[in-house]
Amino acid sequence: MPKAFYVTTPIYYVNSVPHAGHALTMLVADVTKRVHEMNGETAMMLTGTDENALKVFEAAQEAGEDPQAFVDRISQTFKDAADELHINYDFFFRTTSAQHKAAVQALFAQLVDSGYVYLDTYEGWYDVSAETFVRESELVDGKSPDGNEVRKVSEENYFFKLSAFGDRLLEHAEQNPEFWLPLGRKAEVVSFIKQGLRDICITRSNPGWGIPVPGDESKVVYVWFDALINYLAATGWPNPGWQELWPAEVHWMAKEIYVRFHATLWPAMLMAAGLPLPKTVIAHGWFTFNDAKMSKSKGNVIAPSDLISHFEEAGCSHEIAVDVARFSLIRTLPFDNDSNFAIGDIEKQYNAGLANDLGNALNRTITMVHKFTEGVVPNAPIASEMQSAIAQAKAAVATSNEELRFHDGLEATLELVRDMNRFIADRKPWELAKTNDASLPSVLTSLLFALRAVEGLVRPIMPNTANAMLSQLGYKAEEATTLYNQIGEVTRLNVGAKLAEPTPIFPRYQPPKMETQPTPAIKPEPQEAKAETQAPMIEITDFMKVNLRVARILEAEAVPDSEKLVKLQVIIGEERRQIIAGILKSYDPANLVGMQIVVITNLKPRKLAGLESQGMVLAADGPDGKAILLTTEAECPEGASVH
Ligand code: MSP
C-alpha cells in the first residue's frame, strides 16, 4: 500500500471539558485532511485523549470515581465534540489502550538498549498542572515559570539523553524548511535549543496509574514521553504496516506545547529510535475569551455544541449550523497571534460573510435564473472577468492550503463571492432583461459557474454548505467537486438543468435585544424596487377604495411565541381597534406607544397567530429588511383621512 497522508491533533487531557480551543485544533486537522483528499490523496487523521497523566488520576480521585471509568466518560465527551463538528477522524486514539501501552514500552526498552535512556537520581521540583519537571533556578516565588504549584521530588529515575540532539535538530530544520512552522515559532525553537538542551527525566514513581516502565513496575513513564508516542503507536508500530502511515505529514497543536514537547522532545525521541521525523510540526496561537485563555477553570468556555445550537436558534438547519461553527473557528483562526473568540464578533462575521455575501450571491443568482430563463441553466459563454476572479481565488486558496493558512483561503473565497455581488451590481441583469439584451444568459451562466467554484473552494471547511449549494444549483450528490483541480472547469456546468426554487440557507442573525441591533444592511434588490414602480396603473377611484386613516397607538405588546408579531391597540377617531403587525424585529413595543401611524381601516379582518387583526399598518421596506412605520409629519386629529 502506498503511504497515506497523516495529520494529527494533540491528544487531549481528560481532566476538562472540550471547548472551542480543542475544537479548533480538531478542525484545522480535519480541514488539512479534506484538503489533501481533494488533491486526490488518501489522508488519515488522528485525534484522541491523553489519559495517563497524574492530574487526570487526581481529577478522578477528586470526583470519587474509578480512574478508568472516569477517563472513559470524559474521553467520550471529546469524541462527541469531534462528531458534533463533523470532524472526519480515522483514529480516536486513547493512551489507556493496550496498543498504546505496548508501543510505549517497546520504544522505552529500545532506547534503554541503545543507551539513550539511562538510570539516575532526580532531585527537584515537579509541576503537576503542566506535568513538567522544573529546575530550582527556574522557580519564581516558589512556583513554576507558568505560575503553577510545584512539588519536591527526589527519586531514582530514567533519563532521556535530550542533550545529544540539539545540533542534529537544528541541522534537520535547516535542511527541511517546512519542519517547524510557522516561521515566528520556528525562531522560538531555535533560540530554545541554542540555550542548550538538558537530559530529561522520563519516569515517575508509580502512583498506581500510568504505563509501567518495562522491567521496573515501581515506576511509570513520564506522561509527556508516553503521550507523544501516541502518534506512532496509532500506526501499529512496531508491528508491520506502520510505514503505510508513518511519518506524519502534519502535527497540529497550539503554542504552549510546541517548543519543548512537539518541536524538540518528540523529534529527538524519534531520532534516538532511528525513526523518520514528521514532515511539519505546526502550532497555532490561542483563542482567548475576553482576553483570557479559554479554560474551564476560568469559566469562560464556549463548547462547540453551544456554537451549533446558537446558530440553530438563529434559524439555520442543524447541518448548516455545524458549518457556521466550523466557519467561525476557521475565520477566527489564531495563526500567528492569539485571537479573541467572542460571540458578538462571530455573529457579525456570520451576517457579513454568510448571510450577506454568500447567501445573497446564491439566492440572487438562483432567483434571477428563475425570473429570466425559467429556472434553466443557459448555454452561454462565461464572462472573462468572472473567469479570472475564479482563477485568482483558486490560486490563492491553493497557496493558503499549502501553507496551512486556511483562514486566508477562506478570505480569498469570500472575496470571490463579493466579486460576484459586484458583478451583479455592475451588469444589472434586471435591466438587461427589460431590453432583451443578448448578454443576459452569459451573465447568469457566469454567476452559476462562479457558485460552482465556490462550492468546491468551501468544501473542506463547510462540507454541508457545499452540498446544499450543489443541490440548489441542480447537481446530484455524486457530482460534488471532490478534486481540487476540477474547480473552475467549464465542462462541469450543468447547461440545460432546471434549478429548484431558491431556499435561503443562511437566515440573517438577529440579536434578541433591540438595543444591540448591529449588522450591515443587505441592500434590497434593485430590480424589485424597479418592478414595484412599474406596478400596473390604477384609476383614482381604485385608490379611493382604500380607507387610510391616522391612528394613535395606545398599547403595544409582543405576541407570545412569535418572532415577528406585535399586538397593537389603536384609536382611530372614536373607534378602538386591534391590529396585529409584523414589526417586532424592527421595533421595541414599548417605544411604539403614543406614536401616530397610518392604517388601512377597510381591509377584511383576518387572524394572525390566532388573534384578529382589524386593519393594517403602513410601513416602508427599510434597509436589511426592516419595517419603517409611516407616521405624520405633524400631530393630526385622531382618525384624520389620508389621501
Ligand atoms: N495532553 C496534552 C497534549 C499531548 S499531545 C501528545 C495537552 N492536552 S490539552 O488538553 O491541554 O490540550 C491542549 C491543546 O488543546 C492545545 O495545544 C490546542 O491544540 C488545544 N487548545 C486548548 N485550549 C485552547 C485555546 N484556548 N486556544 C487554542 N487551542 C487550544 O496539552
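When a residue number appears, it is its place in the shown sequence, counting from 1. What you see below is based on every heavy atom in this structure, not just the backbone, and it leaves out hydrogens, waters and symmetry mates. We count ligands from 1, going down the list as the structure has it; atoms in each ligand are counted the same way.
Heavy atoms of K255 found under 4.0 angstrom from ligand 1: none, in either backbone or side chain. Only the side chain of Y231 comes within contact range of ligand 1, with a heavy atom under 4.0 Å; no backbone atom does. At a heavy-atom distance under 4.0 Å, only side-chain atoms of W224, from C-beta outward, approach ligand 1.
Atom-to-atom distance recorded for D226:CG and T96:OG1 is 10.0 Å, nearest 0.5 angstrom.
Taking only non-hydrogen atoms, the option from I11, I257, T95 nearest to atom 2 (C) of ligand 1 is I11. Remark: among candidates T25, I302, N52, L24, the nearest residue to atom 19 (O) of ligand 1 is T25, based on non-hydrogen atoms. The closest heavy-atom contact to atom 13 (C) of ligand 1, among the options K55, H22, E256, H19, comes from E256.
Close contacts of ligand 1 with A227, meaning ligand atoms under 4.0 Å from a residue heavy atom, involve 6 (C). Listed by atom number, the atoms of ligand 1 under 4.0 Å from H262 heavy atoms are 5 (S), 6 (C). For ligand 1 and D50, the ligand atoms under 4.0 Å from any heavy atom of the residue are 1 (N), 2 (C), 4 (C). Counting the atoms of ligand 1 from 1 in the order shown, those under 4.0 Å from a heavy atom of F287 are 25 (C), 26 (N), 27 (N), 28 (C). Here is the list of ligand 1 atoms found below 4.0 Å of a heavy atom in H284: 28 (C), 29 (N).
For F311 and Y350, the distance between ring centers is under 6.0 angstrom. Ring to ring, H262 and Y231 are close: their centroids are under 6.0 angstrom apart.
Residue H22 forms a ring-ring contact (aromatic ring centres under 6.0 Å, His included) with just one option from F287, W252, F78, and that option is F78. Partner F160 forms a ring-ring contact (aromatic ring centres under 6.0 Å, His included) with one of F133, F108, F165, Y118 and no other, that one being F165.
Judged by distance alone, with hydrogens and angles left aside, the side-chain atoms of R326 form a donor-acceptor pair with the main-chain N or O of L85 at under 3.5 Å.
Within the 4.0 Å heavy-atom cutoff, G285 counts among the residues contacting ligand 1.
No more than 12 heavy atoms of other residues, nucleotides or ligands shown are found within 6.0 angstrom of NZ on K194.
For a threshold of 3.5 Å applied to N or O pairs, the pair formed by A254 and ligand 1 contains at least one separation below that value.
L24 approaches L329 most closely through the heavy-atom pair CD1-O, 3.6 Å.
W224 and F261 have parallel rings, their planes meeting at less than 30° on a 0 to 90° scale where 60° marks the start of perpendicular.
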